[in-house]
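Everything on this sheet refers to the single structure shown next.
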Amino acid sequence: MKLLLLVPAFALIGLAVHDLFHTLFHPAGRGAVSDRVSRFVWRIFRSISTPHNGYITLAGPVAILAIMAMWVILSVFGFALLYYPFIATQFALASGLDPQLHKSFTDAFNVSLGTLVTVGGDFNAKSKLIRFAMGIEATLGFGLLTASVSWLLSIYPALERRRTLAHEATLLHFAEENTGYRIEELPPSESQSVLWGFAASMASCRNDLTQFPVIYYFRSGDSQSGFSGTLSYFAELAESASRSGRDPSIRMAGIALGGALDDYLEFIADAYLRMSTHDKEAIMRCYAAEHLRPLMQSSRRPLRRAG
């Protein structure tokens, strides 16, 4: 009967490897389990958060830790189920230990945990196949550690790019509100340069999100770098620039920014918000509300006509 445990053992190990591969190594891939873990953690912190406390800023870091813990738990339990049927017959104990007292699932779990973190233990496998399985688990544990560190080192630069873009938009909005001028009134070369830069950064943020889905659940703790609230301002910039009659380069840059913004909104609507991708304004409102951000409002005056 114990041999029947090999079925769930291989299932748990396969699930851990599959999810780890699609989360860390597959470009634009999505781990089915890790996505659910992230959403679950986000809903918990979202439900206990208000715009006036910082609990929601913990959702992203906790989601990453929960995903890593999930991979470890699946791997340890999977290999423990693999060793358990053979713990009494295919393992030799260290001297001084009574074999009759060390043949439970807890002992198999200890063997699995020690093997995953490559610290060894009081059990030595007699079977070549068991030793081979332990070698695979040790390799998986080492790979999980190094891949997780690489994952973290890749996620935080992506978050930095998103926060930088939000901060740039906040500063431009502040400049427009305080000077009374609009960016389209600058020399065309400068206006289109800024707009093209925003379009490129928006496209980069979308690609970062497809590569690292978990960064959706990170919320900045300060209003200056809050990305979700700035999208309405980007939409206003894009619409105003695309209708500008001053210079074709400004119109092209505005259309490009609008296209990059639409691509981003369509992706989050489909992958995270589970809503229609057609109403961009509704997506922006829902996204901002989900992250407890107000939409950035503007009192931009009409563009002055040249001549």
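The shown structure was predicted, so the numbers you read here are calculated from the model rather than taken from an experiment. Along the sequence shown, the residues carry numbers beginning at 1.
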* **Stepwise side-chain contact (heavy atoms from CB on, under 4.5 Å) check, W151 with I67** => CA-CA 12 Å; W151 189 39; I67 291 171; 3.9 Å; yes
* Residues two or more places apart in sequence or in another chain: which of them pass side-chain hydrogen bond (donor to acceptor under 3.5 Å, both in side chains) with R285? -> E281
* To do: Say whether, by atom type as modelled, one donor and one acceptor occur between the side chain of S191 and the main chain of I183 under 3.5 angstrom.
  => yes
* **Distance-only polar pair, side chains of D35 and S38, donor-acceptor under 3.5 Å** => no
* Asked: Between F10 and L82, does a side-chain contact (heavy atoms from CB on, under 4.5 Å) hold up when you go through it step by step?
  -> CA-CA 8 Å; F10 285 116; L82 184 64; 3.9 Å; yes
* Asked: Heavy-atom distance under 4.5 Å between the side chains of Y84 and F109, does that happen here?
  -> no
* Asked: Mind checking whether L65 and Y156 sit in one hydrophobic cluster, side chains of I, L, V, M, F, W, Y counted as touching below 4.5 Å?
  -> no
* Under 3.5 Å, side chain of S112 to main-chain N/O of A108, donor-acceptor pair present? -> no
* Exam field: side chain S47 to backbone I44, donor-acceptor pair closer than 3.5 Å -> yes
* Hphob cluster co-occupancy, V111 + L6, side-chain heavy atoms under 4.5 angstrom -> yes
* **side-chain contact (heavy atoms from CB on, under 4.5 Å) partner of M68, chosen from L20, V37, L152, I73** => L152
* Asked: Do M134 and F132 share a hydrophobic cluster, counting only Ile, Leu, Val, Met, Phe, Trp and Tyr and linking them when any side-chain heavy atoms are less than 4.5 Å apart?
  -> yes
* Answer whether the closest heavy-atom distance between the side chains of E176 and H173 falls below 4.5 Å. => no
* Assert yes or no for the condition that the ring centre distance of Y55 to F45 is strictly below 6.0 Å. => no
* To do: Step through it carefully: locate the ring centre of H167, locate the ring centre of F174, and say whether they are under 6.0 Å apart.
  => no
* To do: Step through the shown structure and confirm whether more than 12 heavy atoms of other residues, nucleotides or ligands are within 6.0 Å of CZ on F142.
  => no
* Is the backbone of S104 close enough, under 3.5 Å, to the side chain of D107 for a donor and an acceptor to pair up by distance? -> yes
* Taking side chain as C-beta onward, heavy atoms only, is L172 less than 4.5 Å from L237? -> yes
* Structure fact -> Between the CE atom in M70 and the OG atom in S75, the distance rounded to the nearest 0.5 Å is 9.5 Å
* Mind checking whether I64 and F218 have side chains closer than 4.5 Å, heavy atoms only? -> yes
* Structure fact -> What one should report as the nearest heavy-atom pair of S232 and M296 is OG-O, 3.0 Å
* To do: Quick one: closest heavy-atom pair of I283 and A269, and the distance?
  => CD1-CB, 3.5 Å
* To do: Output the distance between atom CD (E190) and atom OG (S193), rounded to the nearest 0.5 Å.
  => 8.5 Å
* Write down the atom of P188, the atom of I250, and the distance for their closest heavy-atom approach. => CA-CD1, 4.0 Å
* Centroid-to-centroid, Y264 to F234, below 6.0 Å? -> no
* Structure fact -> Heavy-atom closest pair (E266 atom, T277 atom, distance to 0.1 Å) is O-CG2, 3.7 Å
* Quick check, are the ring centers of F40 and Y217 under 6.0 angstrom apart? -> no
* Structure fact -> For W196 and A256, the nearest pair of non-hydrogen atoms, with its separation, is CZ3-CB, 3.4 Å
* **Rounded distance (nearest 0.5 Å) linking atom CG of L265 with atom CZ of R206** => 11.0 Å
* Asked: In Å and rounded to the nearest 0.5 Å, what is the CZ to CD distance from R43 to E290?
  -> 9.0 Å
* Validation row: Y216, L273 side chains within 4.5 angstrom (heavy atoms) -> yes
* Quick one: do V76 and L145 end up in the same hydrophobic cluster if we chain Ile, Leu, Val, Met, Phe, Trp and Tyr together by side-chain heavy atoms under 4.5 Å apart? -> no
* Asked: Residues in side-chain contact (heavy atoms from CB on, under 4.5 Å) with S204, at least two apart?
  -> R161, D208
* Can you list the steps and then say if L292 with R219 is a side-chain contact (heavy atoms from CB on, under 4.5 Å)? -> CA-CA 9 Å; L292 302 178; R219 180 192 187 270; 4.1 Å; yes
* Structure fact -> d(L195 CG, M252 CE) to nearest 0.5 Å is 12.5 Å
* Asked: Any idea which heavy atoms bring S34 and D19 closest together, and the distance?
  -> N-OD1, 3.1 Å
* Asked: Would a hydrophobic clustering, with Ile, Leu, Val, Met, Phe, Trp and Tyr connected at side-chain separations under 4.5 Å, put V149 with L24?
  -> no
* Structure fact -> With sequence neighbours left out, the residues meeting side-chain hydrogen bond (donor to acceptor under 3.5 Å, both in side chains) with Y83 are E137
* **Parallel, tilted or perpendicular: ring planes of H291 versus Y287, cut at 30 and 60 degrees** => perpendicular
* Structure fact -> CD1 of I268 to CG of D263, rounded to nearest 0.5 Å, is 12.0 Å
* To do: With the side chain counted from C-beta on, respond yes when L129 and F86 share a heavy-atom pair under 4.5 Å apart, and no when they do not.
  => no
* side-chain contact (heavy atoms from CB on, under 4.5 Å) between L116 and F79, intermediate numbers included -> CA-CA 9 Å; L116 186 73; F79 279 97; 5.9 Å; no
* Any D262 side-chain heavy atom under 4.5 Å of M202 side chain -> no
* Pairwise side-chain contact, R162 with L165, heavy-atom cut-off 4.5 Å (strictly under) -> no
* Asked: Please walk me through it: do N207 and T210 pass side-chain hydrogen bond (donor to acceptor under 3.5 Å, both in side chains)?
  -> CA-CA 5 Å; N207 292 334; T210 59; 4.6 Å; no
